[in-house]
Protein chains: 2
Amino acid sequence: MDRTDESLIALRRILRATEQFGRELAQASGLTAAQFRVLQLVAEKGSITAKEISVRMGITQATVTSLVDKLVSQGMVLREKSDRDRRQTNIGLTERGAHAIDEAPDALQQRYVRAFEALKDWEQAQVVASLERVAAMLDADDIDASPVLDIGDIRGRH
Amino acid sequence: MDRTDESLIALRRILRATEQFGRELAQASGLTAAQFRVLQLVAEKGSITAKEISVRMGITQATVTSLVDKLVSQGMVLREKSDRDRRQTNIGLTERGAHAIDEAPDALQQRYVRAFEALKDWEQAQVVASLERVAAMLDADDIDASPVLDIGDIRGRH
DNA sequence: TTAAATACTTTGCCAATCGAAGCACCGAAG
DNA sequence: CTTCGGTGCTTCGATTGGCAAAGTATTTAA
């Protein structure tokens with residue numbers, strides 16, 4: 001088996017583990033993975049528009065609306081019309097939301113974080129470099145958006 | 001920002017790109033990502049039971065049934081009662097299924113594969129090593145849950 | 001002032017997934 | 001041979017995430 005296959009297999013393992021991760025998170029926090037990601041974005045920016053969430057997550061606004069609905073009904077975030085532009089809705093974190101962020105992820109990432117931090121310094125550096133490299137190789141957006149000519153030309157219909 | 005965060009961010013990028021990947025695959029092949037994974041398992045083993053699919057994919061049998069239903073209705077696979085144990089259903093690949101496997105994935109992995117193969121030898125080695133390491137760190141989770149025997153019982157509430 | 005663009009919501013749809021309940025079948029214990 | 005608990009699968013009813021299209025405000029350009 002060649003290296004390419006090995007790398008694909010490892011990738012698949014990563015994906016699989018992560019899916020599982022997400023399901024456990026759902027269990028543990030009462031939030032689903034998608035809802036949690038929204039919550040993280042809100043927390044990260046303090047206040048954020050639906051539009052920006054949709055762009056950052058790569059989903060449509062309609063979907064954002066429905067995710068935010070769920071978070072609102074759980075009291076995790078709240079909507080507020082923007083004053084600057086009254087078409088916009090700013091989504092902000094509540095106490096509960098902040099609390100959920102603090103609690104939930106910890107349990108989930110802990111294992112990975114611990115293992116990662118147990119690596120030697122140069123090992124960590126190597127892992128980060130490799131992950132970033134892989135991310136770049138996979139990231140279609142990069143390629144679409146970049147002026148690079150040699151890749152992806154044949155792909156056609158998008 | 002510390003290395004741990006960097007690695008988590010890169011991981012997230014990988015996941016996101018992969019989701020996108022899946023959606024493109026759905027577009028290109030008429031199969032969804034989940035259906036495609038089932039198809040791959042069938043192809044890999046030649047003939048496989050629903051149970052085994054559910055274990056390998058980490059989903060319930062109910063879900064497998066519905067995925068296989070869709071593949072059957074598209075003529076990609078077929079069901080056959082096992083002779084050895086008539087409770088079991090063996091799921092086998094059709095011509096069309098085999099064909100779909102040959103066609104679809106290629107177009108999709110191409111981007112990654114090309115980029116990967118463009119790396120220098122030592123870079124490839126490093127990427128593979130890092131991915132495997134990360135997979136192992138994430139999988140640790142599985143190890144808790146996966147003594148295949150007790151799965152689904154101990155974990156209880158799902 | 002009016003028309004086009006933008007930000008969001010609503011509606012109606014589909015896929016993936018689950019748990020619970022049901023059916024068929026196997027194997028072991030009588 | 002009959003009965004009964006476990007196993008493999010399907011059915012049913014929900015929920016979530018996701019999308020596209022149409023609708024509602026609101027801003028901006030003409």
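Here is how names work: the chains are called A, B, and so on, in the same order as the sequence lines, proteins then strands, and each is numbered from 1.
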Closer than 4.0 angstrom, basic N to acidic O: yes or no for E52(B) and K45(B)? yes
Can a donor-acceptor pair be found, under 3.5 Å and without considering hydrogens, that links the side chain of Q124(B) to the backbone of F116(B)? yes
Tell me which residues in residues 83-93 of chain B put a heavy atom below 4.0 Å from DNA chain D, sorted by number, or none. R87(B), Q88(B), T89(B)
Distance check: side-chain N/O of T65(A) vs OP1/OP2 of dT9(C), anything under 4.0 Å? yes
E117(B) atom CD, neighbour heavy-atom count above 12 within 6.0 Å: yes
Checking dG18(D), dA21(D), dC8(C) against the side chain of A62(A) (C-beta onward), the nearest is dA21(D)
Roughly, in whole Å, what's the span from CD in Q61(B) to C1' in dT7(D)? 9 Å
Atom pair distance, as rounded to whole Å: NZ in K51(A) and C1' in dT26(D): 15 Å
Rounded to whole Å, CD of E52(B) lies from P of dC9(D) at a distance of 10 Å
Ignoring backbone atoms, establish whether T63(A) has a side-chain N or O less than 4.0 Å from OP1 or OP2 of dC19(D). yes
Rounded distance in Å - CG (L67(A)) to C1' (dG18(D)): 9 Å
If each of V68(B) and R37(A) is mapped to the nucleotide of DNA chain D with the nearest heavy atom, which maps nearer the 5' terminus, i.e. the 5' end? V68(B)
Let me know which of T94(A), I91(A), V77(A) forms a side chain to side chain contact (heavy atoms under 4.5 Å, CB included) with V72(A). V77(A)
Whole-Å gap separating P (dG8(D)) and CZ (R79(B)): 16 Å
R3(A)/E123(B) salt bridge by N-O under 4.0 Å criterion: no
Under 4.0 Å: is that the gap between some side-chain N or O of T60(B) and OP1 or OP2 of dT17(C)? no
Measure from CD1 on I53(B) to P on dT10(D) and round the result to the nearest Å. 10 Å
How many Å lie between CD on E80(B) and C1' on dC9(D), as a whole number? 16 Å
Any salt bridge linking R56(A) with E44(A)? Criterion: basic side-chain nitrogen under 4.0 Å from a carboxylate oxygen. yes
Can you see whether S7(B) engages T4(B) through a side-chain donor-acceptor pair at a distance of less than 3.5 angstrom? no
Just call it for T49(B): base, sugar-phosphate, or nothing, with non-hydrogen atoms closer than 4.0 Å on any strand. sugar-phosphate
Could you state the CD1-P distance from I59(A) to dT16(D), rounded to the nearest angstrom? 15 Å
